[in-house]
Amino acid sequence: MRGILRVGSRKVWFYIVAAVVVGLVAGYVVLSEQDSPKFQSEEGVLDLTQVQVSMNPQQLTGEWAFYWQELLSPEDIRVRSAKEGNQDHWISIPNSWLGYPLEGEKLGGTGYATFRLVIKLSEQDRHERLALRLPSIFHAYKLWVNGELLVEVGKVGQDKNSMIPHLATKLLFIQPENDTVELVMQVANFQHNRGGITKYIELGGSDVLTTKTNLNLATDMFITASLLVIGLYNLLLFLLRRKDRAPLYFGLFTVLLCIRSLLNGELILTQWLPHFPWELQFKIEYLILCVSGYIITMYFDCIFPNYVSRWFRFGTRIATGAFCIFIVVTPALIYTQFLLMIGVMVVLHMVYLMVGLVRVAVRRMEGALIFLLVSAVTLVTVVNDFLYYNGWSLIGNTSPLGLLIFTIAQMILLSSRFTRTASNEERIAHELQGANHKLIEMNISLERTVDERTQALSMAHNDLRTSYDRLLHSEQGRKKLLAYITHDLRMPLSSMLGYVEAIQDRVKPERNEQYLKYIQENTIRINRMIEELSFLSHLETGQVSYRMEPVQMIPFLRDFFEQYELVVRDAGLDFILDIGDTEDQRSNLPVVEMDAKRVEQALFNLVSNAMKFTSSGGLVRIALAVEEVKHARHAIISIQDSGMGIPPDQLEQIFERNYRYDRPGLGNGIEGSGLGLAICREIVLAHGGAVRAESDGKMGATFYVTLPCIANKGRG
């Protein structure tokens, strides 16, 4: 850029002329982007029989039937047509009814009316799924398609008190049953200077218009997100270095543009916040329009000091403040009539800045050519938007793109300024580096010593940290074990104390031997509970190690059955091992990676639980099945008993520590501590499995242990 600005004034003027030409060409492209629609309605009828609408969306432009100061439904229109004949009033769409001549007078911007359009479709579009793309319509409407009410935005009314304004874009899907589509729309406006259908309504294939709508929405969100990121970045730069105010004004300008982009185009704000106040939405948009010119003027003044004259700065400050106060205190119906004046004020700001940029470019100041080029393009897009909102242009919402280009260019300029600052700092740092070279050499030995000591301290710290973690883990286990012992041993100790006191007081000397037996049994029980509590505490705190190895489930279950068969049968119960047809499927036998001793302990706890709750003569059955769960094989071991069952509402509680469920008269000489099922669950979870129970609460219960298989192997 410096090379460009160092050349002669002829080259500078060449770039100035090029910037103006680019601006004019951009303006021509913008204003000529869309030609007049090829198909237009005449006297309320739009003939689209010569085009396939499902593939080529069409804008519904031309003459629509117009019923002023009447809110008619499709049925009302049919009844009127049958009695009075055809409608005599037609209005060109898109357009506001403001200024429409009716019975020798021109209509104002407020009021209400009904619009009607009949569309004739081609044979290809019959029974096709079509879509209507509705823009924001000022400022409340109802739409019927072929007599069916499809959408209502806001609330239509005959006066200001009975209507509710709202702005939103809609995409509606229809499927005509014949070759004719009738659109009837009621529109009301009492809040804005211009009312009616002021933007294009499109009819086309559902897929085509959906893609177009999504693309427009993505474009708006991209522009909004880009402006927000750029704005916040510059505000952060100002917070870090408040001496330079250029990032402040540029950041405020960009954030305001981001907010305004939410209020235009696809109306992202109303899609996110459907109940956002309409009046506040319009005030925000107009306030942003007013202050943007003043903010960008202050930004230019920071980039080029003494560039903006004092009288212009003072005048624009007064004008901006006056317009802002006027917008805040007046309703939208009043301040929207001054949109043209606000636009003139903003355009005057930009024209003044561009004239000044020409002078600055002639003086070969850095960055002036970029300012001039992007300002010309931005000016065209902004002017086009003001013309559009006043009904003088067919293309709208071009300013966000132009302003995005402008902000990106300013971002590049600010980045170049920060780059120059960084370059100067690097040069100064290089000079200081040479001056401090000897000092660095003197500090090398000291730094080496500090590094060695630091490493030694770091290693000692890591060792202490590891020791502390181990100690903390052990302390947590100790506290948990102490809490378990305090809770679970209180009752048997109290019982033993009662028996001892009974013996000491000689309450019933003839029962002393029985009391001593109770004390002995409770002592054995307490000892077993302490062992189980300690083991459960280690399980819950992760202090139990597992020796994992692949184990074939069928031989494992057979060995388990043979080991405990006599124990179960001595309790008066039948003990059955059922592996079904699994053993015959040698190429598909389940193999589980597990600690065989721990899993054996878990299964024995389940068998012991079944023995406890099953009366003599009952049955305990062990079975094995293989199932696919989420594309992975799992071995499922089931232990079924014919005992008393478990109430369904307690099936989730039985695996909790200290859960006991006993009934009078039941017992096989096996007394539990309430920890067996909790230990079983912890062991199974450590193997990546799951344990659950099923019972109808009347007879019998079945416990399922699910373990993941690692491979399909035959028996070794």
Side-chain angles (χ1 to χ4, degrees), residues 480-481 483-485 487-492 525-526 528-541 544 557 560 564 567-568 571 573 575-576 594 598-616 618-625 629 634-707:
K480 182 172 289 190
L481 178 60
Y484 289 167
I485 292 174
H487 177 272
D488 295 327
L489 302 185
R490 183 176 299 167
M491 182 176 296
R525 180 186 176 194
I526 289 174
R528 185 169 64 251
M529 288 180 62
I530 291 175
E531 292 178 355
E532 292 182 346
L533 282 170
S534 177
F535 183 64
L536 179 59
S537 176
H538 283 76
L539 284 173
E540 294 176 341
T541 56
V544 176
L557 288 179
F560 176 82
Y564 295 103
V567 177
V568 179
L573 303 175
F575 197 30
I576 299 176
M594 67 181 185
R598 299 299 184 193
V599 175
E600 178 183 331
Q601 180 181 0
L603 295 180
F604 178 71
N605 287 350
L606 295 178
V607 172
S608 298
N609 183 75
M611 294 169 59
K612 174 182 177 182
F613 291 99
T614 304
S615 301
S616 180
L619 172 68
V620 177
R621 175 178 174 270
I622 300 180
L624 173 65
V629 180
H634 288 74
I636 302 178
I637 305 169
S638 61
I639 298 177
Q640 181 182 8
D641 63 68
S642 58
M644 56 188 293
I646 305 171
D649 59 346
Q650 299 185 28
L651 290 175
E652 296 295 332
Q653 306 173 20
I654 60 176
F655 294 100
E656 300 296 331
R657 185 179 61 84
N658 295 331
Y659 174 84
R660 297 182 183 88
Y661 182 70
D662 299 311
R663 287 183 179 175
L666 179 64
N668 294 318
I670 301 175
E671 185 175 3
S673 61
L675 301 173
L677 294 182
I679 292 174
C680 174
R681 179 181 62 177
E682 294 296 331
I683 293 176
V684 173
L685 291 178
H687 284 75
V691 59
R692 62 185 179 88
E694 292 183 357
S695 177
D696 59 1
K698 298 178 181 179
M699 179 178 179
T702 305
F703 289 81
Y704 296 93
V705 175
T706 302
L707 298 172

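Residue numbers start at 1 and run along the sequence shown.
Not counting sequence neighbours, the partners of Ile639 by the side-chain contact (heavy atoms from CB on, under 4.5 Å) test are Leu603, Leu606, Val607, Val620, Ile622. The ring pair (Phe, Tyr, Trp, His ring centres under 6.0 Å) test applied to His634 returns no partner, not counting sequence neighbours. In terms of the ring pair (Phe, Tyr, Trp, His ring centres under 6.0 Å) criterion, residue partners of Tyr564 (sequence neighbours excluded) are, by chain and number, Phe560, Phe604.
Among all heavy-atom pairs drawn from Leu573 and Ser615, the shortest one is CD2-O, 3.0 Å. For the residue pair Ala635 and Leu624, the shortest heavy atom distance occurs at CB-CD1, 4.2 Å. Annotation for Leu677 and Ile654: closest pair CD1-O, 3.2 Å, computed over non-hydrogen atoms.
Remark: side-chain polar atoms of Ser695 are not paired, donor with acceptor, to backbone N or O of Ala701 under 3.5 angstrom. For the pair Asp696 (side chain) and Met699 (backbone), a donor-acceptor distance under 3.5 Å is present. Put simply, the side chain of Ser642 never gets that close to the backbone of Gly700: no donor and acceptor are under 3.5 Å apart.
A distance of 7.0 Å separates CE in Met594 from CG in Leu707, rounded to the nearest 0.5 Å. Put simply, CG on Leu651 and CZ on Arg692 are 10.5 Å apart, with the number rounded to the nearest 0.5 Å. Rounding to the nearest 0.5 angstrom, the gap separating the CD atom in Glu694 from the CD atom in Gln640 is 10.0 Å. Met611 contributes atom CE, which lies 11.0 Å from atom OG of Ser616 (distance to the nearest 0.5 angstrom).
Counting heavy atoms from C-beta on, the side chains of Phe703 and Asn605 never come closer than 4.5 Å. In this structure, the side chains of Phe655 and Val691 come closer than 4.5 Å at one or more pairs of heavy atoms.
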